[in-house]
2 protein chains.
Amino acid sequence: MTKRSYGQYCGLARALDVVGGRWSLLIVRELLVGPARYSDLLAGTSGIATNLLSERLRDLEEVGVVERSLDRASNGVLFSLTPWGSELRDAVAALVRWSTPLMVTGPQEDSFRTNWLAVALDALLHDNKAAVSATVGLEVQNRIVSVHIDDTGTHIALDGEPQPTSVLRAEPAVVLGLASGMLTVEQAVLAGEFRGDLDDFDIVFGQFAGALRTIA
Amino acid sequence: MTKRSYGQYCGLARALDVVGGRWSLLIVRELLVGPARYSDLLAGTSGIATNLLSERLRDLEEVGVVERSLDRASNGVLFSLTPWGSELRDAVAALVRWSTPLMVTGPQEDSFRTNWLAVALDALLHDNKAAVSATVGLEVQNRIVSVHIDDTGTHIALDGEPQPTSVLRAEPAVVLGLASGMLTVEQAVLAGEFRGDLDDFDIVFGQFAGALRTIA
DNA sequence: CCGCATCCTCATGGATACTG
DNA sequence: CAGTATCCATGAGGATGCGG
């Protein structure tokens, strides 16, 4: 019984047979941001052993979640998600949304990457819409995550062009608090360094604050 | 470093720290259908060792996903999801939806439980709505899963009262095919035993078939 | 360098027997 | 019924080696 399977005719069990192994979904998370090199994944998953990464990549490739291609630029191997693998975005987003209570508490010494913030912002904001569009930047660890909202939804980009003119530089926890509606724009701005136009932030993040700001 | 954690300040990683362990989400799946006894879980997760079940239950209770209460009826222990634990429904549903390609193929000798079908039907149908309401039954392994649709969404119940008058008795795979839109009502009825009013099934499952039946 | 393969140690999972 | 206790198998973690 190599390849340990739950042996259940159940969607959840079969999904976990494929992506339930340790590290698997974290690798998918990295690839959700975009194709990556082996070394990117090694750094991005922060803690995985080299043999496990290559083993997981081979397994994920075998089942059709990941595919590898040749990176003509660097003449190396590029890993990316297959179309079906990309559809894990919803499941990852659901888990990220569920985890918000775990993000306000917990250990402080955990490692952090801007990529992970981009995934979280996408999960928390993607369905938000606004009649008038806007783009703002969240600056964390000298990288800028840009958040664009319009009437189709909200879209996240890393170090995107053009640079947004309204930027909030803040701690990851503050950005998450803002995106999950636990912090108002005012509170978040007070907890970081802000430059630009506050109206842009209100358009993007004002969704939640309605109830909290009836005093204003 | 007991309690193996990913050590990442990332929602997905923290969620997996809590429910990413082997069997954990399958236990949650059982409890999503309703509170259960230890012996129910042992049977429902089909293959878990007793020590692992008790260990997982203790861990899940510790982090606030599961809670135990006293079952006054049987004078035993009842396990149920906390409110936060119940919110895993979306994540489980997303994984179930993602897994549909894995359900049409794969091993035939896998075990099967009606509970799992109820979870899958909920994941696949929950957001479907209909202006005119209807209730149908899917009979599998001598149990009936009733599916009720109205303008608020679709709701699943196991052996619910009253018994639906329109019932399709079929294999699990046929029911899943119907619910995922891969089979039309006509195809599913041909693959099982049907009694009642076909219109009810069209109301519940007719959502997908539009494109396929333009010939009719 | 990059993308692994190998080796070794130890934590975790799995099966079964047993108990309050 | 609801778990422990025990023992063995497997998988993860970490260091290092190695060919392209």
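All figures in this text were calculated on a predicted structure; none of them were measured in a lab. Letters go in sequence order (proteins before strands), and every chain restarts at 1.
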Given [options], identify the nucleotide with an atom nearest to the side chain of [X].
| X | options | value |
| --- | --- | --- |
| B:Thr50 | C:dT16, D:dA12, C:dC2 | C:dT16 |
| B:Val77 | C:dC4, C:dG13, D:dA2 | D:dA2 |
| B:Glu55 | C:dC4, D:dT4, C:dG13 | C:dG13 |
| A:Ala49 | C:dC4, D:dG14, D:dA5 | D:dG14 |

### Task
Assess whether one donor atom and one acceptor atom, taken from the side chain of A:Asn51 and the base of D:dG14, lie less than 3.5 Å apart.
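Counting by modelled atom types and ignoring angles, a donor-acceptor contact under 3.5 Å is found here.
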
#### Entry: Residue pair B:Ser111 / B:Ser46, side-chain donor-acceptor N/O under 3.5 Å
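Their side chains do contain a donor-acceptor pair, which is all the 3.5 Å distance test asks for.
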
Using only side-chain N and O atoms of [X], determine if any of them is under 4.0 Å from OP1 or OP2 of [N].
| X | N | result |
| --- | --- | --- |
| A:Arg22 | D:dG13 | yes |
| B:Arg58 | D:dT4 | yes |
| A:Arg56 | D:dG11 | no |
| B:Ser74 | D:dC1 | no |
| A:Arg4 | C:dT12 | no |
| A:Ser54 | C:dG3 | no |

Spacing of [X] atom [atom1] relative to [N] atom [atom2], expressed in whole Å:
| X | N | atom1 | atom2 | answer |
| --- | --- | --- | --- | --- |
| B:Leu42 | D:dC1 | CG | P | 10 Å |
| A:Ile48 | D:dA12 | CD1 | C1' | 10 Å |
| B:Leu26 | C:dG13 | CG | P | 13 Å |
| A:Leu53 | C:dC4 | CG | C1' | 9 Å |
| A:Leu52 | D:dT16 | CG | P | 17 Å |
| A:Asp17 | D:dG11 | CG | C1' | 16 Å |
| A:Tyr38 | D:dG20 | OH | P | 17 Å |
| A:Leu57 | C:dA5 | CG | C1' | 15 Å |

### Query
Are any of the side-chain nitrogens in B:Arg37 or B:Asp71 under 4.0 Å away from the carboxylate oxygens of its partner?
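Judged by the 4.0 Å cut-off on N to carboxylate O distance, B:Arg37 and B:Asp71 do form a salt bridge.
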
### Query
Donor-acceptor pair, B:Trp84 side chain versus A:Trp98 backbone, under 3.5 Å?
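Looks like yes, one N/O pair under 3.5 Å.
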
### Task
Determine the contact category for B:Gly47: base if any of its heavy atoms lies under 4.0 Å from a base atom, sugar-phosphate if only primed atoms, P, OP1 or OP2 are that close, otherwise nothing.
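It contacts sugar-phosphate atoms only.
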
### Query
Near A:Gln163 CD, under 6.0 Å, is it more than 12 heavy atoms from other residues, nucleotides or ligands?
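Check passes, neighbour count above 12.
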
### Query
Taking everything shown except A:Glu171 itself, do over 12 heavy atoms lie less than 6.0 Å from its CD?
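Open: at most 12 neighbouring heavy atoms sit under 6.0 Å from CD of A:Glu171.
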
